[in-house]
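Okay, structure first, notes after.
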Amino acid sequence: MQMNQPDLFDAPAPPLDDCATLLADLGEWVEHGWLRELDRSFALFLHELDPAAGAPLLLAAALASHQLGRGHVCLDLQAALADSPASLSLPPAHAADAAQAQFARTPSQWLQALRLDAWCAALRASRLCEAGPGQAPLVLQGPRLYLRRYWQHEREVRALVGSRLAPQPVAPAAHIRPVLDALFTAPQASRDTDWQKLACALALRQRFAIVTGGPGTGKTTTVVRLLALLQSMALQGGGAPLRIRLAAPTGKAAARLAESIRGALDRLPWDALPHGEALRPHVPSAATTLHRLLGSQPESRHFRHHAGNPLALDVLVVDEASMVDLEMMARLLQALQPQARLVLLGDKDQLASVEAGAVLGELCSRAQEGHYDAATVQWLQEAAGQQPPPALQDGAGQPLDQAIAMLRVSHRFTADSGIGQLAQAVNTGDGRAAQALWRAGLDDLRSCRLSQPPALLAQDAKLRALVLAERAAPFGHAHYLRRMHTTRPPDGAAPAAWDAWAGELLQALGRFQLLCALREGPWGVTGLNATVAELLREAGLLQGTQSWFAGRPVLVTRNDYGLSLMNGDVGLTLDLPAPEPGAPPVRRVAFPAGDGSGGVRWVLPARLQAVETVFAMTVHKSQGSEFEHAALVLPDQGNPVLTRELVYTGITRAKRWFTLVGSARAQGPVLAEAIGRRVLRASGLMA
Ligand SMILES: Nc1ncnc2c1ncn2[C@@H]1O[C@H](COP(=O)(O)OP(=O)(O)OP(=O)(O)O)[C@@H](O)[C@H]1O
């Protein structure tokens, strides 16, 4: 069904044979923010390459580029024709009334004039488009149109993952079984499936594995046991210890991985392993970012490590893999030696990467149902002494299915935990169950029902209570600011005392985070940053209105290798004592040292080129972080960016308390609509 535009029937059909008209229309759409300049430039570039290329091809090229900017790997021509608002977000949500834009022709009108077969035929007829390998800038596969680079990445990921799926067990099942039995003792008494044990056994079988699961399901616990076991097997064979590396997409996620790994190492029953505690030094806990691991180079998309200069490692664990985009996944796989093992950890239900692709989600699209074939079932029986439940067995399972383990029991959230139940309800699209949980009065679920209109948010008593959190818990913004004022060392204190103060404040800052679905507007990061700052100033917790003020929390928005700061790092602006009486205080931004030492690094504000205030952050940016108290703000109008994955990701950032912030409308119909909307990203990875 074509979506009707208000002006559809009054306007003449767009001239499909007239490139000049299309290029002029692209210009108009860019001017109104419907497309990016980049999208138009790409069409212009193709027009220059081949002036004979027709308007249908140039339109498809501009739209394929537009879709890349929205996280899609390709343009699904069929979906574009069927429903352009839904599949292309054209008209965009902020301009739903297309007539207001006063375009000569809207994208929908151009699409209305096209038919799928004719559009595909026009693309196939051009030398700018090929059906597979070649040099042409566009690739058409079925109804999917790619920019060649992304088609290539998708192909590489599929091939390189595929090449690692052949069973190549690290040791015979009979050798593995006693160690796994000793490491995973808990559910022996019960008849429940030990998913962690099965995950470990699955990951020992081939050179690629995914361990997916929701928060607290034991992904880290499992992978540490896996690494200890791999190392133990390597040493038993008399060989050198394996070179193991740990990585994550952002600095924040890498720091959190390192911390969780250290915790899991402390809990590991070393005695269960043939080498006991002697193995511990051979299981690393230091984690790095993928960019650092691969050796990013300034101003270049290329890395120091690639197929020609592979990474010197035997086992690579990548945490928060849902945040890894298609291009990064391709580069990562290319940089691995064929014999190296790759283990991806992540929550398949979280929001996908900001960049194009939803690789983990797509690879795990069948994980819920298992699809373990007879050979896998036999392997699991022999190596782990357990089988997956019959419902998850499938004689026709595919090779990829055999490499994926889904952990299904949360050890962080018990069955009666509100956060756990809410995450589950949202994840299964059960809006009624989600609403019922709010009414159940569970201690870890809070509601902040706003009653003021957007323009008067700073006067909303509920929002004020959330931000200032007079009671000790759940924490609000005021928590770290009160500590900043009350625990400040005396002016003559030693540098170590200032470091300790800053370190403690950074921890306090991380206990609470306001999360927004949107960037702009009163319900977005920009509006809420201003509103929260106003509330904190009124309460006397912040002083000064300059851009840099003591107590300003900042988020790094771009990697800065010179300062060793990564996109996603959070710092806190603090005033250190003046060097001499009467001089102004020395203003610095404290960042966690990031080396696992718990130390602090001080940076001059002026050196920070890409930072923003972070009283509120987008849910996207919060991925890879957790907070004792997370509060998710929903706008009071529906918006296509509000999806089930976004709400789920927001909820699962909370460890102890989750608060839903918004008007009655936001907490009712807007939430329900969001839970019902899935993120669908066009791609051919699993096609
Ligand atoms: N089998 C188990 N039995 C009891 N507790 C467990 C088990 N596995 C993990 N835990 C506990 O659950 C918590 C979460 O475990 P872990 O950090 O391994 O999970 P995760 O899936 O990596 O979590 P995250 O959501 O942080 O990614 C830890 O406190 C851990 O001790």
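The structure presented is a predicted model; accordingly, all values stated were derived computationally and were not measured. We count ligands from 1, going down the list as the structure has it; atoms in each ligand are counted the same way. Scope of the values below: all heavy atoms of this structure, side chains included, with no hydrogens, waters or symmetry mates.
Not close to ligand 1: E320, with no non-hydrogen atom less than 4.0 angstrom away. For the pair S260 and ligand 1, no heavy-atom separation below 4.0 Å is found.
Taking the ring centre of F184 as origin, the terminal cationic atom of R225 falls inside the region bounded by 6.0 Å and 45° from the ring axis.
The ligand atoms of ligand 1 that sit less than 4.0 angstrom from a heavy atom of R267 are 28 (C), 30 (C), 31 (O). Ligand-side atoms of ligand 1 in range of E626: 25 (O), 26 (O), range being under 4.0 angstrom from any heavy atom. Annotation for ligand 1: atoms under 4.0 Å from non-hydrogen atoms of Q196 are 1 (N), 7 (C), 8 (N), 9 (C). Heavy-atom proximity to R256, at under 4.0 Å, picks out these atoms of ligand 1: 26 (O).
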From CA spacing to verdict: side chain to side chain donor-acceptor pair (under 3.5 Å), H371, D401: CA-CA 6 Å; H371 298 286; D401 301 326; 4.8 Å; no

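With distances taken over non-hydrogen atoms, the option nearest atom 24 (P) of ligand 1 out of E259, K655, R412 is R412.
The backbone and the side chain of P215 each have at least one atom closer than 4.0 Å to an atom of ligand 1 (non-hydrogen atoms only).
The ring pair (Phe, Tyr, Trp, His ring centres under 6.0 Å) check on F627 picks up nothing, with sequence neighbours excluded. F615 is linked by a ring pair (Phe, Tyr, Trp, His ring centres under 6.0 Å) to H477, counting only residues two or more places apart in sequence or in another chain.
Atom CD of Q381 has more than 12 neighbouring heavy atoms from other residues, nucleotides or ligands inside a 6.0 Å radius.
Residues F512 and H629 place their aromatic rings such that the two centres sit under 6.0 Å apart.
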